[in-house]
Colleague: 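Sharing a structure, written as structure tokens. Questions coming.
Every number for a ligand or one of its atoms is a count from 1 in the order of the listing. What you see is a predicted model; the values in this text were computed from it and never measured.
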Amino acid sequence: MLKFYNTLIRKKQIFKPLKNKRAGLYTCGPTVYWFAHIGNLRTYIFEDILKRVLEYNGYKIKHTMNITDVGHLTSDADTGEDKLEKGAKREKKTVWEIAEFYTTAFKKDLKQLNIKPPNVWVKATATIKEQIDLIKILEKKGFTYKIQDGIYFDTSKLKTYGRLRGNKKITLKAGTRVAMVCGKKNPTDFALWKFSPKETKRQMEWNSPWGIGFPGWHTECVVMGIKNLGIPFDIHCGAIDHISIHHPNEIAQAEAAFGKILANFWLHGEFLVLKDGRMGKSEGNIITLENLIKRGFNPLAFRYLCLGVHYRSKLTFSIEALKGAQNSLNNLYQKITKLGEVCPPLICGRSVLPQIDYRKKFLNFIQDDLNMPKALALMWQMIKDKKISPQEKYKLLKDFDRVFSLDLRKIKSEKIPQEIKKLAEQREKFRRQKNWQKSDEIRAKIKKMGYQIEDTKKGPKALKK
Ligand code: AMP
Ligand code: ZN
């Protein structure tokens with residue numbers, strides 16, 4: 001049974017989809033003003049693992065991800081500059097060029113990490129009308145108020161506000177750590193629509209019933225999630241930083257407008273950190289996937305590193321740790337190449353040896369809130385297990401890779417030469433005729449040539465020694 005830790009109830013819960021064997025998934029996407037850092041990418045790897053585990057369990061997934069190309073301010077308190085406008089100034093490009101460039105870079109990162117793209121990508125700028133429509137509903141229902149700098153959501157009007165945080169009161173305090181927008185009624189209130197500043201013309205701005213401006217960051221995900229997946233949908237993901245502000249704000253809008261929870265399951269990945277603390281642009285310690293590739297690492301070594309730490313635990317990144325992951329991955333590739341040399345050219349059909357134990361154990365681990373570290377350890381245990389045949393190991397590795405996605409399935413087995421295949425066929429003919437002497441002679445000849453014949457219940461197989 002599939003179980004996930006649901007932040008909404010703060011415990012593991014059996015996954016019950018809304019529709020049989022189907023899962024609607026929404027993952028908060030990148031703000032495309034700069035390259036994604038490996039912290040961001042850890043979150044997308046966790047979400048990819050979630051998808052693959054669901055698929056491994058027979059689910060069909062409908063996945064939507066947004067591209068935030070407008071409205072995400074440099075502070076979570078609705079102050080500061082729009083990150084995209086800031087990026088455009090920095091690079092002397094248009095906002096649209098910035099968004100395009102970093103979206104392409106992001107998609108390239110995903111590809112290199114074997115992260116499956118969503119079924120639907122949606123840009124925030126492609127849903128301005130829908131966002132305005134949602135704000136209109138909220139306004140009609142009395143959840144909004146207008147101040148000098150925009151239209152805000154009044155969190156005090158919604159009794160359930162902040163329940164994603166386990167009923168803990170949100171501790172944002174006006175005027176302390178974060179700057180407070182002048183006129184905001186409650187520290188937790190958030191911008192739905194921000195007015196363009198009077199003195200400067202923004203590159204991205206739209207007309208609205210309240211004036212020219214742009215949407216706040218928290219509305220796009222609600223609109224896109226509902227548009228593509230309905231309300232409620234099954235699973236919503238992000239990293240832990242979204243537990244306190246972004247996701248409660250999404251939930252609040254959906255509950256206020258439609259009286260429903262936005263999603264049934266809320267899964268949050270822990271952060272990737274550095275030994276001396278958080279990775280962040282302001283800390284000036286960002287590492288991108290390209291940085292790692294330039295240092296000679298296989299991007300999948302980073303994926304391997306992420307698999308080794310449970311998604312709800314902090315991952316402390318270091319180059320030493322990545323080197324360790326790269327070595328393990330190389331080792332794994334070597335092992336599977338050797339196992340792949342086992343060739344079953346003489347028989348058709350499936351391997352005959354039972355594989356229930358490892359496959360079942362693997363399933364149990366991945367079903368238990370995506371326990372990849374245990375699944376990875378099991379894989380190594382299986383590789384070392386002398387009781388199972390090379391063919392079986394090869395098959396299991398390829399099967400596990402449907403979830404790990406470390407390119408194990410792409411590794412080609414070394415082809416058994418035609419000559420060996422012919423000899424093995426001759427031997428099989430003699431064996432059927434019960435001509436043991438001839439068949440043994442051929443077996444010896446094959447052995448001399450560096451191969452061996454293994455007789456299985458389904459027939460003989462030629463293997464490299
Ligand atoms: P952003 O592009 O800033 O909107 O972030 C994209 C995703 O990465 C969001 O789900 C964030 O919560 C997540 N994220 C940001 N920093 C980290 C980090 N250090 N480790 C893991 N995930 C992160
Ligand atoms: Zn979101």
Colleague: Students should be able to answer this: which protein heavy-atom is nearest to atom 8 (O) of ligand 1, and at what distance?
Modeller: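 In this structure, atom 8 (O) of ligand 1 has N40 ND2, 3.0 Å as its nearest protein heavy atom.
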Colleague: Can the ring centroids of W266 and H246 be said to lie less than 6.0 angstrom from one another?
Modeller: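 No, they do not, as the ring centres are separated by 6.0 Å or more.
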Colleague: Minimum distance, heavy atoms only, to atom 16 (N) of ligand 1: which one of F35, F271, W217 is it?
Modeller: F271
Colleague: Provide the atom name of the closest N, O or S atom of H246 relative to the Zn ion (ligand 2).
Modeller: NE2
Colleague: Suppose we measure from atom 4 (O) of ligand 1 to each protein heavy atom; which comes out shortest, and what is that distance?
Modeller: T31 OG1, 3.1 Å
Colleague: Return the name of the atom in E250, of element N, O or S, nearest to the Zn ion (ligand 2).
Modeller: OE2
Colleague: Which residue and non-hydrogen atom of the protein lie closest to atom 12 (O) of ligand 1, and at what distance in Å?
Modeller: D241 OD1, 2.5 Å
Colleague: Is the shortest side-chain N to carboxylate O distance from D69 to K123 below 4.0 Å?
Modeller: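 Between K123 and D69 there is no salt bridge, as every charged N stays at least 4.0 Å from the carboxylate O atoms.
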Colleague: Just to check, does H37 reach to within less than 4.0 Å of ligand 1 when the distance is taken from its heavy atoms?
Modeller: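 The answer is yes: ligand 1 sits under 4.0 Å from a heavy atom of H37.
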Colleague: Side chain to side chain donor-acceptor pair (under 3.5 Å), that's the test. Do N114 and D48 meet it? Break it down for me.
Modeller: CA-CA 9 Å; N114 278 353; D48 184 62; over 6 Å; no
Colleague: Do you know which two heavy atoms are closest between R303 and L113, and how far apart they sit?
Modeller: NH1-O, 2.9 Å
Colleague: So which heavy atom in the protein is nearest atom 22 (N) of ligand 1, and how far is it from that ligand atom?
Modeller: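 Checked against all protein heavy atoms, atom 22 (N) of ligand 1 sits closest to T43 OG1, 2.6 Å.
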